[in-house]
S.K.: 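Handing you a structure now.
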Amino acid sequence: MRDILKYELKKLIRRPFNIVVSLVCVAVLIFCAVMMLNDNHVFVWGLDIYGSYENIPKKELKLAKDYGYTDGTLVFKGKKVIEFEKENSNYVSGVIDEERYMQLVTEYINDKDNPDAYVMDDGSTVLDVSAMDYRAYVLMNQGMTRDDVLAYDKENPLYEMTHEYQYGYMKKWQSIRYLFDEAAINVDGTIKPFEQAFPHIKDSGFFEQSETANIAAGFQINLVAVFTFLILLVSLSSVFSEEVSCNTEAMLLCAKHGRDKLIQSKILAGIIYTFICLTVLTITNIVSEIMCYGFDGFNTSVQFNLEFYYVPFTVNFRELLLLVFAFQTLGLIAMAGLIMLMSCLFRSALPTMITGVLFINIVVILSMNVTGFWRDLMFSLPPSLTFIYSFMQFAKNETFTHLPQWIFSIIMCSVLLIVSIVVILRKYKYPRKV
């Protein structure tokens, strides 16, 4: 069986079209990492760097003007972003426990509430309409009527902070201010207890500039998952259907000896190929981000990043990537089993690919747009486990069981994989006349 397995695996790896699709996916992944770096930008108060407006280089003034700034605010892009963000986060970096959390948030509120921060050079103040709209949205979700919100806005207006204060003095808070505003501070300005602000962090967490880890995790959940699905659809949809197109299915249906080993080798080769594809894309993703952004951020507790605030595990970004990889491995292997099953039943690659694409899109779309029974069902299928929707925001599956959603998703995907393998083996179990 070892020789048959090697042969089937080589067929998948060396097929020219599979190689082309795989290389394109790797290239696009690297391209996205580079483009993300070039599109990233940070705002800096130029007088802190150059001392006076006259000393600021013209090219930097021009770039700032393109963003609508003419008062000394500068915009930096590319590698400079990482340098400034790392420097800005130094004040907050380190272990954050309840005591340090209260100290940091209290200091942040005091800096934020400084009246001088909102007075423009001409002595005027400007209402911050977007901030007031967001506060109104939060208050209405908490049960306030629209009239009550309007009255509250009139009594407690929000003003735009001056650029000098926001990008100069407040730069030490730039890496964490949105997290504090969203998670740590109530609408009325009071501070939430640490355990309420970060319920999934036990006792303390670690914080540092985490651009590398954040983007690597985001790409892993989205791009790596999509590209691996694409490679599997192209590569595995013909595992059994090619036997029909090449007029060799008779050997699978009526061979007296070795038939089971041949089918088992095809299935096992598909599973191994799935793991290889996911591993290669994962390594490409992480190495690309490290080359672009550096090594910082992997020790940061994921709940200190708003994008991963709801992850119900006490983990840092390094552990999150390992966790995501494990979930994606099972989800993609279950999906590979379904693709090979469709290849076996449809006996043609094209219907298999079309059905696979429709299935993935239906599951993903419904996962994000339905509730109750259908949401819980969609969250339990392989695409949702691969995109880790299963545990990112919803802790329990209330429809089928009171187990945590991620445990139920693992059980469901394991069952689907086993059923797919059993059906394929049963189809080719007995000799037939062809």
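What you see is a predicted model; the values in this text were computed from it and never measured.
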S.K.: Determine whether the aromatic ring centres of residues Tyr118 and Tyr165 are separated by less than 6.0 angstrom.
M.R.: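 No; Tyr118 has its ring centre 6.0 Å or more from that of Tyr165.
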S.K.: Run the ring-centre check on Tyr169 versus Trp45 and record whether the distance is less than 6.0 Å.
M.R.: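 No, the ring of Tyr169 stays outside the 6.0 Å limit from the ring of Trp45, centre to centre.
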S.K.: Under 3.5 Å, side chain of Gln209 to main-chain N/O of Glu87, donor-acceptor pair present?
M.R.: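 Not confirmed, Gln209 side chain does not pair with Glu87 backbone.
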S.K.: Leu278 pairs by side-chain contact (heavy atoms from CB on, under 4.5 Å) with which of Thr386, Val224, Ile231?
M.R.: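 So, applying the side-chain contact (heavy atoms from CB on, under 4.5 Å) to Leu278 and each of Thr386, Val224, Ile231, only Val224 qualifies.
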S.K.: Nearest heavy-atom pair of Ser238 and Ala349: which atoms, and what distance?
M.R.: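 In this case the closest contact between Ser238 and Ala349 is CB-CB, 4.2 Å.
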S.K.: Could you check whether any side-chain N or O of Ser380 sits under 3.5 Å from a backbone N or O of Ser409, counting only pairs where one atom can act as donor and the other as acceptor?
M.R.: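 Side chain of Ser380 to backbone of Ser409, a donor-acceptor pair under 3.5 Å: no, none is there.
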S.K.: Taking atom CE of Met120 as the centre, does the number of heavy atoms from other residues, nucleotides or ligands within less than 6.0 Å exceed 12?
M.R.: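 For Met120, atom CE is crowded (more than 12 foreign heavy atoms under 6.0 Å).
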S.K.: Check whether the side chains of Thr145 and Asp147 place a donor and an acceptor atom closer than 3.5 Å, and report yes or no.
M.R.: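 On atom types as modelled, these side chains do not qualify, holding no pair under 3.5 Å.
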S.K.: Check step by step if side-chain contact (heavy atoms from CB on, under 4.5 Å) holds for Glu211 and Ile82.
M.R.: CA-CA 8 Å; Glu211 195 73 23; Ile82 309 304; 4.2 Å; yes
S.K.: Stepwise, does the side-chain contact (heavy atoms from CB on, under 4.5 Å) test hold for Val44 with Lys171?
M.R.: CA-CA 8 Å; Val44 178; Lys171 66 181 181 181; over 6 Å; no
S.K.: Side chain of Ser384, backbone of Met378: donor and acceptor closer than 3.5 Å?
M.R.: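 Side chain of Ser384 to backbone of Met378, a donor-acceptor pair under 3.5 Å: yes, one is there.
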S.K.: Crowded around Tyr7 OH? As in, over 12 foreign heavy atoms under 6.0 Å?
M.R.: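 Counting other residues, nucleotides and ligands, OH of Tyr7 stays at 12 neighbours or fewer.
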S.K.: Please answer whether the main-chain N or O of Met36 pairs with a side-chain N or O of Asn40 as donor and acceptor at a distance below 3.5 Å.
M.R.: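 Not confirmed, Asn40 side chain does not pair with Met36 backbone.
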S.K.: Quick check against the 3.5 Å criterion: does Glu208 have a side-chain atom that pairs as donor or acceptor with the backbone of Thr300?
M.R.: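 Checked: no pair found.
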S.K.: Is any side-chain heavy atom of Leu150 less than 4.5 Å from a side-chain heavy atom of Lys154?
M.R.: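 In short, these two side chains do not touch, never coming nearer than 4.5 Å.
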S.K.: Do the side chain of Ser204 and the main chain of Asp97 share a donor and acceptor less than 3.5 angstrom apart?
M.R.: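 Side chain of Ser204 to backbone of Asp97: no pair is present.
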S.K.: Look at the side chain of Asn88 and the backbone N and O of Phe84, then say whether any donor-acceptor pair between them is shorter than 3.5 Å.
M.R.: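 A pair under 3.5 Å: yes.
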S.K.: Would you please indicate if the ring centroids of His41 and Phe43 are separated by under 6.0 Å?
M.R.: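 Yes - the distance between ring centres of His41 and Phe43 falls below the 6.0 Å cut-off.
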S.K.: Check whether any side-chain heavy atom of Leu223 lies under 4.5 Å from a side-chain heavy atom of Cys32, and answer yes or no.
M.R.: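 Result yes, sub-4.5 Å side-chain heavy-atom pair found.
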S.K.: Output the distance between atom OG (Ser52) and atom CG (Leu47), rounded to the nearest 0.5 Å.
M.R.: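 Between atom OG of Ser52 and atom CG of Leu47 there are 6.5 Å.
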S.K.: In sequence, state the C-alpha distance, the side-chain angles, and the governing distance for Gln220 and Gln328, and then conclude on side chain to side chain donor-acceptor pair (under 3.5 Å).
M.R.: CA-CA 9 Å; Gln220 184 72 29; Gln328 289 181 328; 2.8 Å; yes
S.K.: Is there a side-chain contact between Thr212 and Phe295, using heavy atoms and a 4.5 Å cut-off?
M.R.: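 Thr212 does not reach Phe295 side chain to side chain.
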S.K.: Decide, yes or no, whether a salt bridge links Glu107 with Lys172 under the criterion of side-chain N to carboxylate O below 4.0 Å.
M.R.: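 A salt bridge links Glu107 with Lys172.
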S.K.: Which heavy atom of Asn369 sits nearest to which heavy atom of Ile365, and what is that distance?
M.R.: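 It is ND2-O, 2.7 Å.
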S.K.: What are the two closest heavy atoms between Tyr91 and Arg100, and how far apart are they?
M.R.: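 Looks like O-NH2, 3.1 Å.
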S.K.: side-chain contact (heavy atoms from CB on, under 4.5 Å), that's the test. Do Leu61 and Tyr53 meet it? Break it down for me.
M.R.: CA-CA 9 Å; Leu61 288 174; Tyr53 189 86; 3.7 Å; yes
S.K.: Output yes when a side-chain donor or acceptor of Thr274 lies under 3.5 Å from a complementary backbone atom of Gly270, and no otherwise.
M.R.: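 Between the backbone of Gly270 and the side chain of Thr274 there is a qualifying donor-acceptor contact (under 3.5 Å).
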S.K.: Distance from Ser93 atom OG to Asp296 atom CG, nearest 0.5 Å?
M.R.: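 The CG atom of Asp296 is 8.5 Å from OG of Ser93, to the nearest 0.5 Å.
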S.K.: Check for a donor-acceptor pair, side chain of Asn55 on one end and backbone N or O of Tyr50 on the other, with a separation under 3.5 Å.
M.R.: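 Between the backbone of Tyr50 and the side chain of Asn55 there is a qualifying donor-acceptor contact (under 3.5 Å).
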S.K.: Would you say that Thr284 contacts Ile30 through its side chain, given a criterion of any heavy-atom pair below 4.5 Å between the two side chains?
M.R.: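 Yes, close enough: below the 4.5 Å cut-off.
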S.K.: Do Ile185 and Lys192 pass the side-chain contact (heavy atoms from CB on, under 4.5 Å) test, and can you show the C-alpha distance, the side-chain angles, and the key distance before you say yes or no?
M.R.: CA-CA 6 Å; Ile185 304 173; Lys192 297 178 183 177; over 6 Å; no
S.K.: Can you tell me how far apart CG (Asn316) and OG (Ser301) are? Round to the nearest 0.5 Å.
M.R.: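 If I round to the nearest 0.5 Å, the distance is 6.5 Å.
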S.K.: To check you understand the geometry: which heavy-atom pair defines the closest contact between Ala184 and Val105, and what is its length?
M.R.: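 Ala184 and Val105 have their closest heavy atoms at CB-CG2, 4.1 Å.
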S.K.: Under 3.5 Å, is there a donor on one side chain and an acceptor on the other for Tyr134 and Glu182?
M.R.: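 Side chains of Tyr134 and Glu182: pair found under 3.5 Å.
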S.K.: Verify whether the ring centers belonging to Phe198 and Phe304 lie closer than 6.0 Å.
M.R.: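 Ring centres of Phe304 and Phe198 closer than 6.0 Å.
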S.K.: Check this for me: does any side-chain nitrogen of one of Asp181 and Lys112 sit under 4.0 Å from a carboxylate oxygen of the other?
M.R.: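 Looking at Asp181 and Lys112, the cut-off is met.
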S.K.: State which residue, out of Leu322, Asn299, Asn305, fulfils the side-chain contact (heavy atoms from CB on, under 4.5 Å) condition with Phe317.
M.R.: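 The option that passes is Asn305.
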S.K.: Enter the distance from Ile201:CD1 to Glu98:CD here, rounded to the nearest 0.5 Å.
M.R.: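 Reported to 0.5 Å precision, the distance equals 12.5 Å.
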S.K.: Between Asp128 (side chain) and Ala131 (backbone), is there a donor-acceptor pair under 3.5 Å?
M.R.: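 Side chain of Asp128 to backbone of Ala131, a donor-acceptor pair under 3.5 Å: yes, one is there.
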S.K.: Within a reach of under 6.0 Å around CG of Asp203, are more than 12 heavy atoms found that belong to other residues, nucleotides or ligands?
M.R.: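 Result for CG/Asp203: open.
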S.K.: Check Gly356 against Leu233 and note the closest heavy-atom contact, atom names and distance.
M.R.: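 Where Gly356 meets Leu233 most closely, the heavy atoms are CA-CD2, 3.7 Å.
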S.K.: Evaluate whether atom NZ of Lys86 has more than 12 neighbouring non-hydrogen atoms of other residues, nucleotides or ligands under 6.0 angstrom away.
M.R.: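 Not buried by this count: 12 neighbours or fewer within 6.0 Å.
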S.K.: If you measure from OH on Tyr273 to CD1 on Ile333, what distance do you get to the nearest 0.5 Å?
M.R.: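 Tyr273 atom OH to Ile333 atom CD1 measures 14.0 Å (nearest 0.5 Å).
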S.K.: Go through Ser175 and Glu85 one step at a time and tell me if the side chain to side chain donor-acceptor pair (under 3.5 Å) criterion holds.
M.R.: CA-CA 7 Å; Ser175 60; Glu85 288 187 345; over 6 Å; no
S.K.: Tell me the closest heavy-atom pair linking Phe308 and Ala217, and the distance in Å.
M.R.: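 Shortest heavy-atom separation between Phe308 and Ala217 comes out as CZ-CB, 3.6 Å.
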S.K.: Could you tell me whether the side chain of Glu289 reaches within less than 4.5 Å of the side chain of Asn285, counting heavy atoms only?
M.R.: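 Counting from C-beta outward, Asn285 and Glu289 do come under 4.5 Å.
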S.K.: Should His200 and Phe313 be marked as a ring-ring contact (aromatic ring centres under 6.0 Å, His included) after you check the CA-CA gap, both sets of side-chain angles, and the distance that decides it?
M.R.: CA-CA 6 Å; His200 300 302; Phe313 302 102; 8.7 Å; no
S.K.: Find out whether Val287 and Met291 are in side-chain contact, i.e. whether some heavy atom of one side chain is under 4.5 Å from a heavy atom of the other.
M.R.: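 Yes, side chains in contact.
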S.K.: Look up atom CG in Leu9 and atom NZ in Lys266, then write down how far apart they are to the nearest 0.5 Å.
M.R.: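 Between atom CG of Leu9 and atom NZ of Lys266 there are 12.0 Å.
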S.K.: Might you confirm whether atom NZ of Lys6 has over 12 heavy atoms from other residues, nucleotides or ligands at distances under 6.0 Å?
M.R.: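 It does not: Lys6 NZ has 12 such atoms or fewer within range.
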